[in-house]
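Nothing here was measured: the structure is a model prediction, and the numbers come from that model.
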Amino acid sequence: MSKRYTITAALPYTNGPIHIGHLAGVYVPADIYARYLRNRGKDVAFICGSDEHGVAIALKAKMENKTPQQIIDYYDELIRNSFNSFGISFDNYSRTSRKIHYDTSQEIFKDLNKKNIFQEIESEQLYDSEAKQFLADRYVIGICPICQNTEAYGDQCESCGSSLSATELINPQSTLSGSKPKMRNTKHWYLPLDKFENFINEWIIKGHKSDWKQNVYGQVKSWIDNGLKPRAVTRDLDWGIPVPIDGAKGKVLYVWFDAPIGYISSTKEWANNNGIDWEPYWKDKETKLIHFIGKDNIVFHCIIFPIMLHASGSFILPKNVPANEFLNLEGEKISTSKNWAVWLHEYLEEFPNQQDTLRYVLTSNAPETKDNDFTWDEFQSRNNNELVAIYGNFINRVVVLTNKYYDGIIPKIETRLPEDEKIIDQIGIISKKIGSSIEKYKFREASQNLMQIARTGNKYLAEKEPWKLIDKDPKRVSEIIYTALQISACLAIVSEPFLPFTHEKLLSILNIESLKLSWNDAFMKNDLIPSGHQISKAMLLFKKIEDIEIENQRLKLVNNKKI
RNA sequence: CGCGAGGUAGAGCAGUGGUAGCUCGUCGGGCUCAUAACCCGAAGGUCGCAGGUUCGAGUCCUGCCCUCGCUACCA
């Protein structure tokens, strides 16, 4: 294991709130990973921020009669706050509208330009003279030349499925103003991805064949096999970072050029605020750079951004890009436009203090190898049958027994029986497994093993039946309770990355905040809580979720769905 | 159409050549410390379909079907 990690989570685009798909695919796994590494004593920079440029924001502002700034301010605050209350432990959450990001992006652009990396290419593009801007293909509609559908988009006809170019449409119309677009000449800067095919081939196709996820590797290979082409990194738009060179008036950096640079500028901002040097986090070969993203972002994080980093010369490349697939909701695709989603900010209000339930459900059903489905039924059963019945119940049993038999003071034991030793060893082995699953980005597997610790604890109590022995063999009972308490403390440690709020509660119930236990203690080489230690009274860790709550959520979804 | 990923018990998943497994649900039993929670046991699968390689295939090869995604200005 390296000692320094730069962990990035995809920058959320500030034209809407965060939903469970974002959480399951990106933010929860990234957070588990970051928290785990901190527990292992690593130097971690967990970096994110709001992505605030691009056509979509400019358009949304226009449609809502607002300025882009108003749009991004609104969503930045909403997203930032909901991440914060959800316990996503970013070391820094920045914004791409900040000066430090403008400076960093322009520097990188200028640097690449100076190194003659870009190609300047002139081409004809559709221009809307009423809205005074060039039109992305998607913002042109017209008659499909193939099937005569009257509402074909500039990039594709959804009726017959043909791929089109906006210039092929019959009677093209701008969706901005309704006017007929004209062809107009414009110059842009292109990143010649094709010139870097060898680099990507050596680095990913040969170098990461066995350690990257199959879906990620396959996707990259598919792009390479199809041949890379130069890609424009500038746009004609009035919302974005100005292209910082002469002869580029009115042009801005393409949002996908500046967004990943946001990881770097956010790291700089964090380093400045903490009086440390940002460069080792992006330039030291010993640093592991890990990008957490959804599958829609694979090409940007595995091809375009690495080419930018590589071309500029001094940056390290990502060690891994554990992209996840998508999460569906009740059998249908999550859709912002159809309002088919569970929004984080609403969840936080409707299920107060139940962040860990959602974190657990999304982890145990994470779309790691294929698209998965989130259902409210599963949410309820995972909470009630696993968190409440297995995890919460185990802790409750131990705490109640300790208070009942020993007034909450951990009993003394003289020796430990081999059968107890065996359980303790088992728990240590499971803890180790949890760690290695996390290191392999198998968070679902890790969460199963987390629950396995509580399961093992319950089984131990059921087999030993201390409540039957308390009168005739009190010495044995003290050994059993002592052992069960050690298991509880271990559970507290390994829960932190997954269930940070529960972790805190559990520390307080066991009254072990001051022991400063770390992940290494979870391997159970030594006892975790000493005899004579006073624990607190029982407190429920998880609340049962009633049928009516689930029914209400389902109704809410269906009633608010837009068609 | 091309490319990528996936198709394994009612549901969600694991399993890359050697007697099909885990969690939830269902059914039966045990326990009563515990949020009617916990523990044990059982039922339930022609591993998408059809061929092939092999002593032996969920696992390798070929073809087909279905789902999702990508296809370069939807960020």
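- Considering only the side chain of A:Asn458, B:rC38 comes nearest among B:rC38, B:rA72, B:rA34.
- You'll find that the side chain of A:Ala389 is closest to B:rC38, out of B:rA5, B:rC38, B:rC33.
- In this structure, of B:rG69, B:rC38, B:rG12, it is B:rG69 that holds the atom nearest to the side chain of A:Phe326.
- A distance of about 14 Å separates the P atoms of B:rA11 and B:rG48, rounded to the whole Å.
- For the pair A:Tyr482 OH and B:rC33 P, the computed distance is 25 Å after rounding to whole Å.
- Here A:Phe196 and A:Trp223 keep their ring centres 6.0 angstrom or further from each other.
- The side chain of A:Arg397 approaches B:rC38 more closely than any other nucleotide in the set B:rC38, B:rU23, B:rU35.
- Side-chain N/O atoms of A:Tyr460 and A:Asp420 include a donor and acceptor closer than 3.5 Å.
- Using a 4.0 Å heavy-atom criterion, one finds that A:Ala259 contacts no nucleic acid atom at all.
- For A:Trp467, whose side chain is taken as the heavy atoms from C-beta onward, the closest listed nucleotide among B:rC39, B:rU35, B:rC33 is B:rC33.
- One can place NZ of A:Lys213 at 14 Å from C1' of B:rG4, the figure rounded to the nearest angstrom.
- Using a 4.0 Å heavy-atom distance criterion, A:Lys544 is classed as a base contact.
- Rounded to whole Å, the separation between the C1' atoms of B:rU19 and B:rC55 comes to 15 Å.
- For A:Gln214, taking side-chain heavy atoms from C-beta onward, the closest of the listed nucleotides B:rC70, B:rC74, B:rG6 is B:rG6.
- Side chain of A:Lys468, nearest nucleotide from B:rC31, B:rC73, B:rA37: B:rC31.
- B:rA43 and B:rA20 have their P atoms separated by 15 Å, with the value rounded to a whole Å.
- In this structure, A:Val321 and A:Phe300 have side chains that are not in contact, with every pair of non-hydrogen atoms separated by 4.5 Å or more.
- Using cut-offs of 30° and 60° on the angle between ring planes, the pair A:Phe257 and A:Phe109 is perpendicular.
- Between the side chain of A:Glu465 and the base of B:rC33, no donor-acceptor pair under 3.5 Å is found.
- Of the candidate nucleotides B:rC70, B:rC38, B:rG15, B:rC38 has the atom lying nearest to any side-chain atom of A:Ala462.
- When each of B:rC24, B:rC38, B:rU71 is scored by its nearest atom to the side-chain atoms of A:Ser381, the top-ranked nucleotide is B:rC24.
- Each of A:Gln448 and A:Gln219 lies near RNA chain B, and the nucleotide nearest A:Gln219 is the one positioned closer to the 5' end.
- Distances shown here put a side-chain N or O of A:Arg455 below 4.0 Å from the OP1 or OP2 atom of B:rC24.
- Nucleic acid contact class of A:Lys404 (heavy atoms, under 4.0 Å, all strands): sugar-phosphate only.
- The same atom, P, is picked in B:rG52 and in B:rG58; the two are 15 Å apart, to the nearest Å.
- With hydrogens and angles left out, the side-chain atoms of A:Thr357 and A:Asn383 include a donor and acceptor closer than 3.5 Å.
- Residue A:Lys370 places its side chain closer to B:rG6 than to any other of B:rG6, B:rC38, B:rC24.
- Rounded to the nearest Å, the gap between the C1' atom of B:rG45 and that of B:rC22 is 14 Å.
- A close approach under 4.0 Å does occur between a side-chain nitrogen or oxygen of A:Arg231 and OP1 or OP2 of B:rC73.
- Proximity of the aromatic rings of A:His22 and A:Phe83 is defined here by a centroid distance below 6.0 angstrom, and this criterion is not met.
- Spacing between B:rC40 and B:rC61 at atom C1', rounded to whole Å, works out to 45 Å.
- A:Val388 comes within contact range of at least one nucleobase, with a heavy-atom separation under 4.0 Å.
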